[in-house]
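Take a look at the structure below.
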Amino acid sequence: MIKDYFVDSIEKAIQEAINADKLGEMKEYKSGTLAVERPKNPDFGDFAINVSSLAKYARMAPPQIANTILEYVDKADNEYTVIGGFINFKTGKTLLKEAIKEIFVKDKNYGKPENVKTEKILLEYVSANPTGPFHIGHGRWAAMGSVLANLLKFYGHDVYQEFYINDAGSQIQKLGKSLAIRIRQELGEDVDFPTDEIERKNYYPGDYLIPVAKKYLETHKGLPEDIQELCDFAKAYEEKVQRDLLEKFRVHFDNFYSELTLHKSGKVEACVEKLKKSGKIYQKDGADWFRSSDYGDDQDRVIKKADGSNTYLTADIAYHIDKLERGFDRLINIWGADHHGYVARVKASIEALGYDPNKLEVLLGQLVNLVVNGNEVRMGKRKNMVTLEDLIDEVGVDATRFWMSMRNIDTTLDFDIELAKTNSDENPVFYVQYAHARACSILRNAIEEKINSETGEKTPAPMSEDELNKLIKSYDSETILPTIETAKKLILKLEEFKSMIKTSAETRQVYTICRYVQELASEFHSFYNSNRVICEDKQLMNARIALIVAVKKVLNNALDILGVTAPERM
RNA sequence: GUGCUUGUAGCUCAGUUGGAUAGAGCGUUUCCCUCCGAAGGAAAAGGCCGUGCGUUCGAAUCGCAUCAAGCACACCA
């Protein structure tokens, strides 16, 4: 990376300056203490390092330090200048042309970091109850999770995506009871859900169970003897609906882990026993309590209720232990911010059972607001529920994935349906896809002969298909030289893809990819407007065509990670 | 009441271990197609970085306090 090249050159120079005893009282330098930044004023250079922080060690004025260091720098064809305590760097042609060459050589793997520590990661996300359709909030976790999975894989990690099905517990009984009411309604009975607020909470009164009731009656005459049959039927139905939608949304899990099978396997009981043996369990009011406060939780938690049944937490502990026992180096969970109180207790249990709690990384995501016509629509529990499927049908998979990924996970996301639907520059998805389509269009024009519609006169194609293929397949790093000055900003942006991927993966923040792709599109559009790609000067045209190909490749790699299509035409 | 997250341009948001004149997009205003996709581009205007103290050469960034918004505080899942 150019940034790294710059730092290395400076760090080497510092070492040499120290060896020559020129840096005052500074006798040693630890690599990595200086950071590269982007100069505020682009005239200063492409990158900058502020050496002011060395002043206290060297006991010299920052500009003096900078100038001293500069004497020892191997400058090659790059330009180094000092302003105040800053050493500014302007990238020379060699690095720029090598940057383009790298894109051609690495192609699909361009941007994959080298020499990084990779891990075996279990990424758990969505993990919804199978009691109804996904709402818009689930869409954020689905999109971010699958983008993160793509990103971490691209980084080099071994990623296993898992969906934990909360298919045990009282909500399934609620589901069965609710389906029974819908079935009786279908059979013509005059029944309805309770109107009493509190009573109503024991049911799912949404319309979505009506088709399930119809489906049930296709193969059954009436209500079954045992309500459990309805629970199972509805659960299986909703699970299927959820899985189908995930596929449609380009979200692919390696495994769906059923809470019920966890209970049946005896792993939950085993976990409770193990906790008891560790002496971290005590009895109070007829229930078993886990001393989670010994591990940083703000209070102890019930692990077995007075009626003898386990709590949700108990199963969750067993689930996390099971994940660790399956040999993963790291567990990453994406949870809604409404579950943040849960992190401490799960970590506490992991520690109490003798595992490293730092292996669990919980990404807490803030919630989603739906904006319609500029007004925020509150996500009520019952009324006005907009499902993820409705949203996808309305704005499409590409726009939904992009919008759900484009914000920092720590901020609530406003999803503006109208904006996401528009095909204009207000919509970042279209802006980016348009850039790709435009690049493709130029490449098409390069190898097409033109026919004048009035005169019928033919103009030969600017280059043959063979020439284009040769340019791409056996790319020569000198090709780019004629356009290297005018395309400098664009080339640097292309090169930035590598460092962007690295920080994005390491900070688990996928929105940086969305931002990058918009910036790259912007640089490309800007280049396009001031440089005519197809032109008389053959060398220049080849250079610009090569650049367009490079842009297309990088856009493709970025959009692949986002799971957004890169259309050839729009 | 306690904890977590967030307060930056009219709106939606960036701001990478504290550093140069706080940056984008949208919106507003002005310009750019006889020529590769104007679904583009160039430029202008627009800021007490919620507020107040503190830490230091230096703060949007760190600390304390305070105000505001969202979320969570079950023997529910």
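Below, all heavy atoms of this structure are taken into account, side chains as well, without hydrogens, waters or symmetry copies. Model, not experiment: these values are computed from the prediction. Note on naming: letters A, B, ... go to the chains in the order of the sequence lines (proteins, then strands), and numbering restarts at 1 for each one.
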Measure the distance from [atom1] on [X] to [atom2] on [N] and round it to the nearest whole Å.
X: Phe415(A); N: G70(B); atom1: CZ; atom2: P; value: 22 Å
X: Asp297(A); N: A74(B); atom1: CG; atom2: C1'; value: 13 Å
X: Glu37(A); N: A14(B); atom1: CD; atom2: P; value: 21 Å
X: Ile409(A); N: C13(B); atom1: CD1; atom2: P; value: 15 Å
X: Asn427(A); N: G27(B); atom1: CG; atom2: C1'; value: 16 Å
X: Leu313(A); N: C73(B); atom1: CG; atom2: P; value: 13 Å
X: Tyr431(A); N: C13(B); atom1: OH; atom2: P; value: 20 Å
X: Gln171(A); N: A77(B); atom1: CD; atom2: P; value: 8 Å

Using atom [atom1] in both nucleotides, what's the gap between [N] and [M] to the nearest angstrom?
N: C49(B); M: A24(B); atom1: C1'; result: 16 Å
N: C48(B); M: C36(B); atom1: P; result: 44 Å
N: A45(B); M: C67(B); atom1: P; result: 39 Å
N: G7(B); M: G52(B); atom1: C1'; result: 16 Å
N: U61(B); M: U56(B); atom1: P; result: 16 Å
N: A60(B); M: U51(B); atom1: P; result: 11 Å
N: U2(B); M: A65(B); atom1: P; result: 11 Å
N: U8(B); M: A59(B); atom1: C1'; result: 14 Å

Partner set under salt bridge (Lys or Arg N to Asp or Glu O under 4.0 Å) for [X], not counting sequence neighbours:
X: Glu259(A); value: none
X: Glu496(A); value: Arg38(A), Lys493(A)
X: Lys90(A); value: none

What parts of residues 489-517 of chain A reach RNA chain B, counting only heavy atoms under 4.0 Å away?
->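 Output list: Tyr511(A), Arg515(A).
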Proximity to RNA chain B (any heavy atom under 4.0 Å), residues of residues 519-531 of chain A only =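 RNA chain B contact set from residues 519-531 of chain A: His525(A), Ser526(A), Tyr528(A), Asn529(A), Asn531(A).
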Under 3.5 Å side-chain donor-acceptor pair for Asn542(A) and Thr479(A) =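 Side chains of Asn542(A) and Thr479(A): no pair found under 3.5 Å.
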Is there a donor in the side chain of His263(A) and an acceptor in the side chain of Asn310(A), or the other way round, less than 3.5 Å apart?
->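 Short answer, no.
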Any side-chain N or O of Arg301(A) under 4.0 Å from OP1/OP2 of A74(B)?
->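 Checking Arg301(A) against A74(B): no side-chain N or O falls below 4.0 Å of OP1 or OP2.
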Taking only side-chain nitrogens and oxygens of Asn408(A), does any of them come within less than 4.0 Å of OP1 or OP2 of C13(B)?
->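 Checking C13(B) against Asn408(A), no side-chain N or O comes under 4.0 Å of OP1 or OP2.
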Touch class at under 4.0 angstrom, heavy-atom based, for [X] against every strand present:
X: Ala306(A); value: base
X: Ala315(A); value: nothing
X: Ala168(A); value: sugar-phosphate
X: Met406(A); value: nothing
X: Asn50(A); value: base

Ring of Tyr434(A) versus six-membered ring of G37(B): centres under 5.5 Å and planes under 30°?
->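 No.
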Would you check if Phe430(A) stacks with the base of A39(B), given a 5.5 Å centroid limit and a 30° plane limit, both strict?
->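 It does not: the two rings, one from Phe430(A) and one from A39(B), miss the stacking criterion.
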Select one nucleotide: of A20(B), C75(B), C35(B), the one nearest the side-chain heavy atoms of Arg532(A).
->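 The closest nucleotide is C35(B).
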If you check the Asp414(A) side chain, which of C13(B), A20(B), C75(B) turns out closest?
->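 In terms of side-chain proximity for Asp414(A), the closest of C13(B), A20(B), C75(B) is C13(B).
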Each nucleotide of nucleotides 2-8 of chain B classed B (base within 4.0 Å of a protein heavy atom), S (only sugar-phosphate) or -, in 5' to 3' order, makes -B-SS--
Residues in side-chain hydrogen bond (donor to acceptor under 3.5 Å, both in side chains) with [X], at least two apart?
X: Asn202(A); answer: none
X: Asp300(A); answer: Tyr282(A), Ser293(A)
X: Arg345(A); answer: none

Hey, would you say the Phe415(A) and Trp403(A) ring centroids sit under 6.0 Å apart?
->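 Judged by ring-centre distance (under 6.0 Å), Phe415(A) and Trp403(A) do meet the cut-off.
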Can you pull the salt bridge (Lys or Arg N to Asp or Glu O under 4.0 Å) pairs that have at least one residue in residues 527-547 of chain A, sequence neighbours excluded?
->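 Listed by first then second residue: Glu467(A)-Lys538(A).
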If you look only at pairs with a residue in residues 286-295 of chain A, which of them pass as a salt bridge (Lys or Arg N to Asp or Glu O under 4.0 Å), with sequence neighbours excluded?
->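 Listed once each, the pairs are Lys276(A)-Asp288(A), Lys280(A)-Asp294(A).
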Could you tell me whether Lys174(A) sits above the aromatic face of Tyr204(A), with NZ or CZ closer than 6.0 angstrom to the six-membered ring centre and within 45 degrees of the axis?
->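 The answer is yes, since Lys174(A) meets both limits relative to Tyr204(A).
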Taking O4'-C1'-N9-C4 for purines and O4'-C1'-N1-C2 for pyrimidines, is C49(B) syn (within 90° of 0) or anti?
->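 Anti, which is what one calls it when the glycosidic angle falls more than 90° from 0.
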For A65(B), the Watson-Crick or wobble counterpart (both distances under 3.5 Å) |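 Base partner found: U51(B).
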Residue matched to C26(B) through Watson-Crick or wobble contacts both under 3.5 angstrom |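 Result: G10(B).
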Between Phe86(A) and Phe44(A), does a ring pair (Phe, Tyr, Trp, His ring centres under 6.0 Å) hold up when you go through it step by step?
-> CA-CA 10 Å; Phe86(A) 288 88; Phe44(A) 291 163; 8.0 Å; no
Does Asn88(A) make a side-chain donor-acceptor contact with the base of A20(B), cut-off 3.5 Å?
->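 Side chain to base: pair found, below 3.5 Å.
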Could you name each residue pair satisfying side-chain hydrogen bond (donor to acceptor under 3.5 Å, both in side chains) that touches residues 404-413 of chain A, not counting sequence neighbours?
->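 Listed once each, the pairs are Asn408(A)-Gln509(A).
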Report the residue (Arg407(A) or Arg38(A)) whose heavy-atom-nearest nucleotide on RNA chain B is the more 5′ of the two.
->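 The answer here is Arg407(A).
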